[in-house]
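Only heavy atoms go into these numbers, but all of them, side chains included; no hydrogens, no water, no symmetry mates.
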Amino acid sequence: MLPYINGPFDYVSNLLGASRDEVKLLSLFLISYPLAGVLKRLPDSKPWLKNVFIIAVALFYLVGLFDLWSGLLLVVFDAVGTYAIAKYVQGPYMPWIGFVFLMGHMSISHVYRQMTGSPSRVDITGAQMVMVMKLSAFCWNVWDGKQKPADLTDEQKDRMLTELPAPLDYAGFVAFFPSLMIGPAFDFVDYHRWLNTSMFDLPPGTDPLKAPPTRKKRKIPRSATPAMWKMAQGIIWIVVFLQCQNYFSSDMVLGPRYESLNLGWRIFYLHMMSFATRMKYYGVWNLTDGACTLAGIGYKGLDPKTGKPNWDRLINVKPAGVELAQNTHAYLGNWNLNTNHWLRNYMYLRVTPKGKKPGFRASMATFVTSAFWHGFQPGYYLTFVLASFVQNVAKNSRRLLRPFFLTPDGKPLPRKRYYDVFTWFVTQLTFSFVTAPFLLLSIHDSLAVWSRVYFYVPIGVALCSAFLASPGKAWLQKKVKERTGAAGKPKLARTESTESMQGATLGVPSEPGREFDEMVDEIMVEVKHRRGNKPGPEGGDLRKAVEDTLHKQTEGMRKVQ
């Protein structure tokens, strides 16, 4: 650590009531802007100089600012280990070996952080979480480069690496300072295209006169205005968060005053605690996205409508999409976009055998990966498990209720505005409840707060699930079918296809009931394969035997717990 560097941070932390490390982290995000401006102005013809500058700034952040010598060693260990695995391990298990290596090492850091119990202190865990996404994707990209193009999707062909990058380029990719501590994550191909400036080539057939303006001979378009706008948004979110955190915090909902409030006010404070926490993430993710935009790596090409540069390549959250979400899919799909992308492309689709659609195995692998990636606090798992049941109920309810607010051909009726307001209200209050354990962390505190609002979400989920298992569901389905008539199933407007979002919402299973059925189907296939020609139950008898065995094992685990 640089001598006397803590003095100004101690002064500011006393003024803001935040910890020294939190002030340092916020300062790091702001310092990244002028440094990103310098990085952008380094000669395009000297990529080695950009790499060296990136590495030097990353060293300053880790060692000069936070004194994280051990953290530096962990990052180097992960980076060197992953490069060695990608280079020397042959065969189809290479990406999985890299994944296990990275996740296992990060899990140790999670456990250590949980044991120290100092959430306001900055350690290397956040950077490691980013490294897991970047480096596990790197292993898959290297593996894809060894496959036949016909066996790859368009996305995989675009991301693949036919040869290992030079060590200096790889080090710059790992150490990219605007996103070092909390992301956003990106694939090596994005970094390489930014480094050699091919990212900024005009699409074939584009009029050169419509090229975005640049300075002098530099290929990177001007990005100061969108970067400053993102920085301003980030600062506003952080300022509002600092004003709200003293009123809507975990201390409030766990304190005696909270119990004296009526139910309406308790739910309001619970919602505001969740919203205040989201504002912190809106702020820091906007700040890091803005620094990446200023450096140029956030470039996504020309907007086809306006013809202007699109700087949303690395956007990690859409606050309006979260806050105005009317269903669970939209809520989760607009949050932590880069993690969603990683889970979908490097887990959900990778565990699925070629030629088959993703099923239970893919959903469960993604769910477990997302949970382990976040850490081992019990509250995380309360949130994930409850969210899966909420998503199942929400999806089925939407299918049964929404058509009554649409014309048979799928156009909204005037009364649909009331449906939209109601579903927005329910979605927001539901996730305020569901995400509370994610903030409170412990089972004791989580259950204490849930009990103070009378477990309104589990009770609502249980009632809805009971209805969906009753004849009422069939009656509603019949009414929906009668309503749609010859027009068939109403067309639901979506901003993103169900297929592209499947498996992308932070690993939360969308339909636990269907997942269980798919698990039974897969076990039946495996039983028949292992049994061979030996006699045994078939069809419905085999399914019943598998289901009974699964239920017995589940009950046995519950009794042990």
Side-chain angles (χ1 to χ4, degrees), residues 1-13 18-43 46-80 83 109 113 120-131 134-135 166-186 191 194-195 223-224 227 230-231 234-235 238 283-298 314:
M1 183 185 296
L2 296 178
Y4 309 111
I5 197 170
N6 283 337
F9 295 112
D10 287 334
Y11 177 75
V12 176
S13 66
S19 71
R20 178 205 296 166
D21 275 11
E22 289 172 335
V23 173
K24 279 187 178 182
L25 191 61
L26 179 59
S27 301
L28 178 152
F29 298 144
L30 296 175
I31 294 170
S32 292
Y33 280 81
L35 293 174
V38 173
L39 175 62
K40 183 179 180 180
R41 283 161 176 77
L42 296 178
K46 296 181 179 180
W48 66 268
L49 184 58
K50 294 185 178 183
N51 284 324
V52 170
F53 182 78
I54 289 168
I55 296 169
V57 173
L59 289 173
F60 164 69
Y61 282 174
L62 292 176
V63 178
L65 199 57
F66 287 104
D67 200 27
L68 287 174
W69 286 99
S70 60
L72 174 62
L73 292 177
L74 290 178
V75 171
V76 172
F77 180 74
D78 281 350
V80 173
Y83 194 89
S109 297
R113 180 176 176 84
S120 63
R121 183 176 180 272
V122 171
D123 65 3
I124 202 60
T125 310
Q128 268 194 294
M129 293 172 74
V130 179
M131 290 297 104
K134 292 172 70 173
L135 299 183
L168 185 60
D169 290 350
Y170 177 76
F173 161 68
V174 171
F176 192 73
F177 66 85
S179 65
L180 176 65
M181 300 303 288
I182 64 163
F186 47 84
Y191 180 77
W194 168 81
L195 193 64
S223 57
K230 290 179 179 181
M231 182 180 74
I235 291 175
I238 292 293
V284 297
W285 281 339
N286 265 287
L287 289 176
T288 55
D289 182 24
C292 290
T293 295
L294 188 59
I297 200 170
L314 299 181

Next item on the list: Check the pair Y61, L68 against side chain to side chain contact (heavy atoms under 4.5 Å, CB included), reporting the backbone distance first and the verdict last.
Entry: CA-CA 9 Å; Y61 282 174; L68 287 174; over 6 Å; no
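- Separation of atoms CH2 (W285) and CZ (F29) is listed at 11.0 Å; rounding is to 0.5 Å.
- Annotation for A36 and A291: closest pair CB-O, 3.6 Å, computed over non-hydrogen atoms.
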Item checked: side chain to side chain contact (heavy atoms under 4.5 Å, CB included) assessment of V174 paired with L135 -> CA-CA 8 Å; V174 171; L135 299 183; 4.0 Å; yes
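- Closest of all the heavy-atom pairs between Y33 and N286 is OH-O, 3.8 Å.
- K50 approaches L42 most closely through the heavy-atom pair CE-O, 3.5 Å.
- For S223 and K40, the side-chain atoms include at least one donor-acceptor pair closer than 3.5 Å.
- Remark: the backbone N or O of P178 is not paired with any side-chain donor or acceptor of S32 at under 3.5 angstrom.
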Note to self: For a side chain to side chain contact (heavy atoms under 4.5 Å, CB included) check, start with the C-alpha distance between L39 and F176, then their side-chain angles and the critical distance, and finish with the verdict.
What the structure shows: CA-CA 11 Å; L39 175 62; F176 192 73; 4.1 Å; yes
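- How far CG of L59 is from CG of L72: 6.0 Å, rounded to the nearest 0.5 Å.
- Residues L30 and I235 are in side-chain contact: their nearest non-hydrogen atoms beyond the backbone lie under 4.5 Å apart.
- Classification of the F186-F173 ring pair by plane angle, with boundaries at 30° and 60°, yields perpendicular.
- A distance of 8.5 Å separates OH in Y170 from OH in Y83, rounded to the nearest 0.5 Å.
- With a 4.5 Å cut-off on side-chain heavy atoms, T125 and S109 count as touching.
- Annotation: the span from L74 atom CG to I124 atom CD1 amounts to 6.5 Å, rounded to 0.5 Å.
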Next item on the list: List the steps, then state whether side chain to side chain contact (heavy atoms under 4.5 Å, CB included) holds for V57 with I31.
Entry: CA-CA 10 Å; V57 173; I31 294 170; over 6 Å; no
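- Remark: S27 OG to I5 CD1 distance equals 9.5 Å, nearest 0.5 Å.
- Considering all non-hydrogen atoms of both residues, A171 and I55 come closest at CB-CD1, 3.7 Å.
- Residues L195 and D169 come closest through the heavy atom pair CD2-OD1, 3.4 Å.
- Nearest heavy atom pair, residue S179 against residue V130, reads O-CG1, 4.0 Å.
- Using modelled atom types, one side-chain atom of K24 and one backbone atom of L65 make a donor-acceptor pair closer than 3.5 Å.
- Of the inter-residue distances, the one linking W69 atom CH2 with L62 atom CG reads 10.0 Å to the nearest 0.5 angstrom.
- Looking only at side-chain heavy atoms (C-beta outward), Y191 and K134 stay at 4.5 Å or farther from each other.
- At least one side-chain heavy atom of L287 sits under 4.5 Å from a side-chain heavy atom of M231.
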